[in-house]
Amino acid sequence: MDIIESLQWRYATKKFDPTQHLSSEKLHTLKQAFNLTATSFGLQTISMLIVEDTSLRDQLLPAAYNQGQIIEASHLLVLCIKDHINPTDVDELFDNVSELRNTPETILEPYRNDLKVMMKSMTQEEQQQWSIKQAYIALGNLMTVCAVERIDSCPMEGFDRAQFDAVLKLKQKELKSVLLLPVGYRAEDDMFSSFKKVRKNLNDAVLVI
């Protein structure tokens, strides 16, 4: 299927078929797509939590303002950021580069130190805002991969993050929830699936200079 056709097929699914579930292969594809998402400096300060447990999702539903996709979808993806970025996070990145690419430390050391200085110069709030931007990149990537794989999805910002963090015990993992992406397969009676896409004229949206 052509990529543009796939993106035309995609829509923000309002009603999922709760009887249809992603195969382990499809789920693994989404895991890999998330992990292969581009991040600034390659410093992955984001994580993806996959919530399969329906009873747990029932607990989350009020914190998502009772949006049915939370429990109807095959899986609920919760994109999270690190609460704070430590020098050890930078070391983990460059140690991985050294191992996988066999790059000498003499080459890596200046970049390692510069990134540590950069992260240290940020407040915790600035670090989190920086990480949130990475989470949005991952969200876009996941939505595109879902479209190509014919997996329905619905990006969500509207939820009580503090309640989600409490139910999912994210504080113990030093994480904060920032975005949701229920994934699965559309219900046959979701009327939104047949709506025409409303977008600007291409020449208005894209300027060539």
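Within a 6.0 Å radius of CD in Glu188, other residues, nucleotides and ligands contribute 12 heavy atoms or fewer. Within a 6.0 Å sphere centred on CD of Glu105, other residues, nucleotides and ligands contribute more than 12 heavy atoms. For Tyr11, the OH atom is densely surrounded, since the number of other residues' heavy atoms within 6.0 Å is greater than 12. By the neighbour-count criterion of 12 heavy atoms within 6.0 Å, atom CD of Glu92 is sparsely surrounded, having that number or fewer from other residues, nucleotides or ligands.
Val78 has its side chain within reach of Val51: a pair of non-hydrogen atoms, C-beta onward, lies under 4.5 Å apart. Contact of the Val148 side chain with the Ile3 side chain is registered, since non-hydrogen atoms from C-beta on lie closer than 4.5 Å. Side-chain contact between Lys82 and Asp89 is present, with heavy atoms from C-beta onward closer than 4.5 Å. Between Ser153 and Ile151, every side-chain heavy-atom pair lies at or beyond the 4.5 Å cut-off. For the pair Val183/Thr13, no side-chain contact is recorded, criterion being any heavy-atom separation below 4.5 Å from C-beta on. Using a 4.5 Å heavy-atom threshold, the side chains of Ile50 and Lys31 count as touching. The closest side-chain heavy-atom distance from Met118 to Asn113 is not below 4.5 Å. In this structure the side chain of Asp17 reaches within 4.5 angstrom of the side chain of Gln20, judged on heavy atoms.
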Problem set entry | Glu72 and Lys15: CA distance, side-chain angles, deciding distance, salt bridge (charged side-chain N to carboxylate O under 4.0 Å, His left out) verdict | CA-CA 7 Å; Glu72 293 169 355; Lys15 189 175 182 182; over 6 Å; no

For this session: Apply the test side-chain contact (heavy atoms from CB on, under 4.5 Å) to residues Ile46 and Thr39: give CA-CA distance (whole Å), side-chain angles for both, the deciding distance (0.1 Å), then the verdict.
Result: CA-CA 9 Å; Ile46 55 176; Thr39 57; 4.2 Å; yes

Exercise. Checking side-chain contact (heavy atoms from CB on, under 4.5 Å) for the pair Ile81/Thr45: CA distance, chi angles, key distance, verdict?
Worked result: CA-CA 6 Å; Ile81 61 167; Thr45 60; 5.9 Å; no

For this session: Walk me through it: do Met156 and Leu181 pass the test side-chain contact (heavy atoms from CB on, under 4.5 Å)?
Result: CA-CA 6 Å; Met156 291 182 172; Leu181 188 69; over 6 Å; no

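Using a 4.5 Å cut-off between side-chain heavy atoms of Ile, Leu, Val, Met, Phe, Trp and Tyr, Phe16 forms no hydrophobic cluster with any other residue.
Donor-acceptor pairing under 3.5 Å is recorded for the side chains of Asn35 and Gln44. Gln127 and Asp83 share no side-chain donor-acceptor pair at under 3.5 Å.
In this structure, Met122 is a member of the same hydrophobic cluster as Leu115, with clusters built from ILVMFWY side-chain heavy atoms closer than 4.5 Å. Leu175 and Leu43 are members of different hydrophobic clusters when ILVMFWY side chains are connected at heavy-atom separations under 4.5 Å.
With rounding to the nearest 0.5 Å, the separation of CD in Gln59 from CD in Gln163 is 11.5 Å.
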Listing, residues 195-209 side-chain donor-acceptor contacts under 3.5 Å, not counting sequence neighbours, or none:
unit_1 : atom_1 : unit_2 : atom_2 : d
Lys197 : NZ     : Arg10  : O      : 2.4
Asn201 : OD1    : Asn203 : N      : 2.8

Pairs of donor and acceptor atoms involving the side chains of residues 93-104, under 3.5 Å and at least two apart or interchain, shall be tabulated with distances.
unit_1 : atom_1 : unit_2 : atom_2 : d
Asp95  : OD1    : Arg112 : NH1    : 3.1
Asp95  : OD1    : Arg112 : NH2    : 3.1
Ser98  : OG     : Thr103 : O      : 3.4

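Listed by chain and number, the residues in a side chain to side chain donor-acceptor pair (under 3.5 Å) with Ser177 are Asp165 (sequence neighbours excluded). Residues satisfying the side chain to side chain donor-acceptor pair (under 3.5 Å) test with Arg186, not counting sequence neighbours, are Asp152. For the ring-ring contact (aromatic ring centres under 6.0 Å, His included) test, residues two or more places apart in sequence or in another chain that qualify with Phe164 are Phe159.
Between the Glu109 side chain and the Thr106 main chain, no donor and acceptor come within less than 3.5 Å of each other. Listed for the Asp2 side chain is a donor-acceptor partner under 3.5 Å among the backbone atoms of Ile4. Of the possible polar contacts, none joining the Asn141 side chain to the Ala38 backbone as a donor-acceptor pair under 3.5 Å is found.
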